[in-house]
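The figures here come from the full heavy-atom set of this structure, side chains too, leaving out hydrogens, waters and symmetry mates. Proteins get letters first, then strands, A, B, ... in listed order; numbering begins at 1 in each.
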Amino acid sequence: MEKRPYDPTTVEAKWRSAWEKSGVYTANLKKAKHPYYGLVMFPYPSGDKLHVGHWYNFAPADSYFRYQRMLGKDVFTPMGFDAFGLPAENYAIKTGIHPNDSTRKNVATMIGQLKRMGCMYDWEKMVNTSSPEYYRWTQWLFLQMFANGLAYKKKGMVNWCPSCQTVLANEQVKEGKCDRCGTDVVQKPLEQWFWKITQYAQRLLDGLKDLKWPGKTKLMQEHWIGRSEGVNFREKVKGMDIEFEVYDSIPQTFLAQTFTVIAPEHPLVHTLVAGTPHEQAVMEFVEKIKRKKMADKFKIEEEAEGIFTGRYVDNPFGTGDLPIWVCSYVLADYGTGIVNCSAHDERDFAFAKKYNIPLKIALLPKDPSLAEKVKSHEVFYREPEGIVQSPESAKGMTWEESRETVIRYIEEKKFGRREVHYRLRDWLVSRQRYWGAPIPIVYDPHGQPHPIPEKHLPWLLPTDVEFRPTGKSPLTESKEFIERTEKIFGKGWRPEFDTMDTFVCSSFYELRYLMQGDPKHFVDRKLEEKWMPVSMYIGGPEHATMHLIYARFVMMALKDFGFVQNEEPFKRLVHQGLITNGGAKMSKSKGNVVSPDSFVERHGADVFRMYLMFMGPFADGGDWSDTGIKGIDRFVQRAWDMLTTKPSKNAEEDKTSLALIHGTIKRVTESIEGFRFNTAIAALMEFLNAVDKRESISLETARTFTLLLAPLAPHLSEELWEHLGGKGFVTDQKWLHFDVAHLKSDTMTIVVQVNGKRRASIDVSSDALEADIIAQAKGEENVKKFLMQPIKKEIYVKGRLVSFVV
RNA sequence: GCCGGAGUGGCGGAAUUGGUAGACGCGCACGACUCAAAAUCGUGUGCCGAAAGGCAUUGAGGGUUCGAUUCCCUCCUCCGGCACCA
């Protein structure tokens, strides 16, 4: 046969349309026997289109799912668009183009690009979160949360992004900055809608145990939930009829507590000082701190500030009254917002010294000279090996071992009781932006919120809106929205003008993919039972404490509401690494976004996806460079040449080739299982290098190679399969299993070491006896030289090496 | 500061129940083909050596071991996460 160059453009188009015509990738959700739900995090339909990062995520995921398909699973891989969100709205502000129009256009472009990748997406099941058919379910979810007491409105200090002009959930603030735009987040007192994710803190924590997720991700969620065990003390304000509790997670030093601090935002502050000479100064201080928090200058690193309220805690421990201070570093929404302080907390220590508050010691180091310095409050001290001084029952124990004893003592004396706190905060779901799902709430003329009856869903997002960031919801500008509300609910009624966080839209989309044939029901219980949890979920690690925690919470809530059976949405999770350019994250503002299109144009989708997979392990990502793409190009061309010229009916496989073939099956299988596509490709390259030296190969070998290549280069392998006379699509063939019996060859190479240094290697027959191998090793010229001294020890590692110690 | 993860040729990376470090690919050098270049093919690519062979070597230092990229200790660097959580 004559060699001809492989032409990816024609071949890939041919198979894309063949797949589409035959509908091979359309899953029959009801009839599937071996359901396998392979999901990738759906993209945002950005004007930047599909970038290299998408390819790096989606293509290997597709290869993995293709492998699952060849293992005999009924693989369902849907694709959709997380289409609500700020960029479209900001684009509208800049250009006047309505988000609806720009989104529709971007979605259309991206579908075209996605199809070019040659993935197995079932396009019939596509979702778009900005379509009314979808967001009616986002609104439905809100109503369910509301009906079940998990959605509530609360006024308090909330995160505000001055650039995005909206509030943010805690999860969306990273290191004090807006996760989206990087602007310093400030605190603002506002009334907002929250979902009670905190009610699920313990279940979210417990559920992590059984998830096959990266350990790092589970750890991040664990930290984010932040379970803390401690003691709540019940305390009285001296001379007032007021009681409160204080939380202490390290109660070992409670007898050294000398003052109490309260958060500036705490409602009790005013009660404490009202009508006293301290009122004016304290309230002025409170206002000052609030103002500071609202300014972007406020940094947590700043020195603590405080003011005395004039009030005291009537200390039940008999260690004296504790002056109550208002203090800038106390958090209003952790614990009870009031804390007892001692010399053994670094911040308390510094605060006490700054304001000359007396200190006591309950823990001392063993070193006497250091102990003196601690006693005189010259240095701060708190170490696990420190010796506890009080109470009597724990005296002499180390700080570490005294914990239980002290807590029991506190319980016996009825000073307090055990308590668990979490760092997790409720999810702030309202946003002051346009391009999102409207919150399905209306207010009566008295301002009381009422849920919008389900029959009015979808509660349409109005279109007569000005795009101006004012800090108020753009929906307040819509005449139609208000008229609609009054028409349905009555005069004086007003709609909720805020929209929902886009993370609400993406918190249940995996369920909606299952329901695209049925717009009337949220989820079908049978389908949910059959397909959920998602078999394999693939996406970026940046969602560890956002999307991935929200989706778990929503699933748990839906289970409690009785809509689903499962409580975890994603059984297995794998993260792809990040592709950078010049060491920096790709972004439009940096101008370093690499578009895949020109590479796909030049080399084809198969080459491009294999090149990305060959860069390194899937989870590692890497810095973009196109220098190595040539290697994959060559590999594809050589594979094509070999398989179109060398297969011969007369060729037979000897034992050596069988070892090679089965060794390759093993390596490719294990590599794909472990998301190490780089070594899967390397194994195929080695196979090709070995086989290429021969005159001819058997048809069987050619087909084996093609099958192993199929998950990695779907178009090329279809073409080869057809060329080799294979029946049906290669993607429908069964994966190959290796036979351990074939992995053995007739001979093995044994390395000979003397004193741990390699001196020779010998080839022996596979069934050679240990004694013979050692004798042969001793006979090697180069080994003899080093065996002049008496041999102290002989070590034989089966099938690997002989080691002599002299 | 606290909690994770990682450091291997010129580059991407391979190899870990401890057993030939550098697979595979890029790049580079030389050669073949060509008027020439590209493409392609061949050979080489840690250091010394024509070779046989020797020596060094997985961020740095130490330890365990016949043998360490792999296990233990100390340190350095980079990346990710959290950060007034009492």
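Across all strands, A:R382 comes closer than 4.0 Å to no nucleic acid atom at all (heavy-atom distances). Residue A:V754 is classed as having no contact, given no heavy-atom separation below 4.0 Å to the nucleic acid. Backbone-only engagement by A:I250 is indicated by non-hydrogen atom pairs under 4.0 Å involving sugar-phosphate atoms exclusively. A:P617 comes within contact range of the sugar-phosphate backbone alone, with a heavy-atom separation under 4.0 Å but no base atom that close. Among the atoms of the strands shown, only primed sugar atoms or phosphate atoms (P, OP1, OP2) are found under 4.0 Å from some heavy atom of A:N689. Using a 4.0 Å heavy-atom criterion, one finds that A:S803 contacts the bases of the nucleic acid, with or without backbone contacts as well. The residue A:Y611 sits apart from the nucleic acid: no heavy atom pair falls under 4.0 Å. Residue-level contact check: A:K757 touches the backbone only, with heavy atoms under 4.0 Å from sugar-phosphate atoms and none from bases. Residue contacts shown for A:R425 include a base, since a base heavy atom lies under 4.0 Å away.
The base of B:G19 sits with one of its N or O atoms less than 3.5 Å from a complementary donor or acceptor on the side chain of A:Q753. Residue-to-nucleotide contacts include no donor-acceptor pair under 3.5 Å from the side chain of A:R634 to the base of B:C26.
For A:L578 and B:C78, the CG to C1' distance is 15 Å, given to the nearest whole Å. Going from atom CG of A:D620 over to atom P of B:G5 covers 14 Å, rounded to whole Å. The CZ atom of A:F677 sits 19 Å away from the C1' atom of B:A23 (whole-angstrom rounding). In this structure, A:K218 atom NZ and B:C82 atom C1' are separated by 20 Å, rounded to whole Å. Nucleotide B:A86 holds its P atom 17 Å from the NE2 atom of A:H266, rounded to whole Å. For the pair A:L331 CG and B:A83 C1', the interatomic distance rounds to 11 Å; values are reported in whole Å. One atom, CD of A:E670, and another, P of B:A15, lie 11 Å apart when rounded to the nearest Å. Distance, A:I774 CD1 to B:C66 C1': 13 Å, rounded to whole Å.
Ring centroid separation for the pair A:F351 and A:F349 does not come in under the 6.0 Å cut-off. Here A:F599 and A:F608 bring their ring centres to under 6.0 angstrom of each other. Note: A:W325 and A:Y355 meet the aromatic proximity criterion, with ring centroids under 6.0 Å apart. Checked against the 6.0 Å centroid threshold, A:F503 and A:W427 do not count as a close aromatic pair. Here the two rings, on A:Y247 and A:H421, have centers that are under 6.0 Å apart. A ring-centre distance under 6.0 Å is found for A:F705 and A:F687.
B:G25 has its base anti relative to the sugar, with a glycosidic angle deviating from 0 by more than 90°.
Side-chain N/O atoms of A:K630 include one lying less than 4.0 angstrom from OP1 or OP2 on B:G27. Look at A:K216 and you won't find any side-chain N or O under 4.0 angstrom from OP1 or OP2 of B:G4. The side chain of A:R759 contributes an N or O atom lying less than 4.0 Å from OP1 or OP2 of B:G54. Contact annotation: A:S228 does not reach the phosphate of B:C85 (side-chain N/O to OP1 or OP2, under 4.0 Å). For A:Y422, no side-chain nitrogen or oxygen approaches OP1 or OP2 of B:C85 to under 4.0 Å.
As rounded to the nearest Å, B:C75 and B:C84 have C1' atoms that lie 30 Å from one another. When the C1' atom is compared between B:C79 and B:G31, the two are found 44 Å apart, to the nearest whole Å. Using atom P as the reference point in both B:A37 and B:A15, the two lie 40 Å apart (nearest Å). Annotation: B:G63 and B:A86 have their C1' atoms spaced 41 Å apart (nearest Å). A distance of about 29 Å separates the C1' atoms of B:C85 and B:C78, rounded to the whole Å. Taking atom C1' on both nucleotides, B:U70 is separated from B:G18 by 6 Å, rounded to a whole Å. Using P as the reference atom, B:G19 and B:G67 are 15 Å apart when rounded to the nearest Å. With both ends at atom P, the span from B:G7 to B:A56 equals 24 Å, rounded to whole Å.
Nearest-nucleotide assignment on RNA chain B puts the 5′-proximal partner with A:I629, out of A:N340 and A:I629. Along RNA chain B, the nucleotide nearest to A:N782 and the one nearest to A:Y329 differ in position, and the one closer to the 5' end is contacted by A:N782.
Nucleotide B:U57 forms no Watson-Crick or G-U wobble pair with any nucleotide shown, as no partner meets the under 3.5 Å limit on both distances. Nucleotide B:C33: unpaired (no Watson-Crick or G-U wobble partner with both distances less than 3.5 Å). Remark: B:A83 base-pairs with no nucleotide in the shown strands. Criterion, Watson-Crick or G-U wobble with two distances under 3.5 Å. Nucleotide B:U16 is matched to nothing when pairs are restricted to Watson-Crick or G-U wobble geometry with both distances under 3.5 angstrom. In a base pair of the Watson-Crick type (N1 to N3 plus N6-O4 or O6-N4) or a G-U wobble (N1-O2 and O6-N3), with each distance short of 3.5 Å, B:G44 is matched with B:C28. Summarising the base pairing, B:C78 is matched to B:G5 through a Watson-Crick or G-U wobble pair whose two defining distances lie under 3.5 Å. Across all strands shown, B:G49 forms no Watson-Crick or G-U wobble pair with both key distances under 3.5 Å. In this entry B:A39 has no Watson-Crick or G-U wobble partner, no candidate having both defining distances under 3.5 Å.
Shown here is A:K212, whose NZ atom has no more than 12 heavy atoms of other residues, nucleotides or ligands within 6.0 Å.
Closest to the side chain of A:V805, from the set B:A86, B:C66, B:C24, is B:C66. Between B:U40, B:C41, B:G4, one nucleotide has an atom nearer to the side chain of A:L219 than all others, and that is B:G4. The A:R800 side chain lies nearest to B:G19 when the options are B:G19, B:A86, B:U40. Nearest nucleotide to the side chain of A:R423, out of B:C85, B:G81, B:C26: B:C85. Each of B:A14, B:G25, B:A86 was ranked by its minimum atom distance to the side chain of A:D248; first place goes to B:A86. Minimum atom distance to the side chain of A:N678 is reached by B:G13, of the listed B:G13, B:G54, B:C24. Candidate nucleotides B:C24, B:C55, B:U20 were compared by shortest atom distance to the side chain of A:V751, and B:U20 ranks first. With B:G25, B:A15, B:C66 as the candidates, the nucleotide lying closest to the side chain of A:R676 is B:A15. Distances were taken from every side-chain heavy atom of A:R347 (C-beta onward) to each of B:A14, B:G12, B:C85; the shortest belongs to B:C85. For A:W224, the side-chain atoms get nearest to B:C82 when compared with the rest of B:C82, B:U20, B:C84.
A donor atom on one side chain and an acceptor atom on the other are found under 3.5 Å apart for A:Y422 and A:Q202. For the residue pair A:Q637 / A:D633, no side-chain donor-acceptor distance below 3.5 Å is found, with atom types taken as modelled.
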Q. Step by step, would you call A:T664 with A:E686 a side chain to side chain contact (heavy atoms under 4.5 Å, CB included)?
A. CA-CA 9 Å; A:T664 306; A:E686 283 182 63; over 6 Å; no
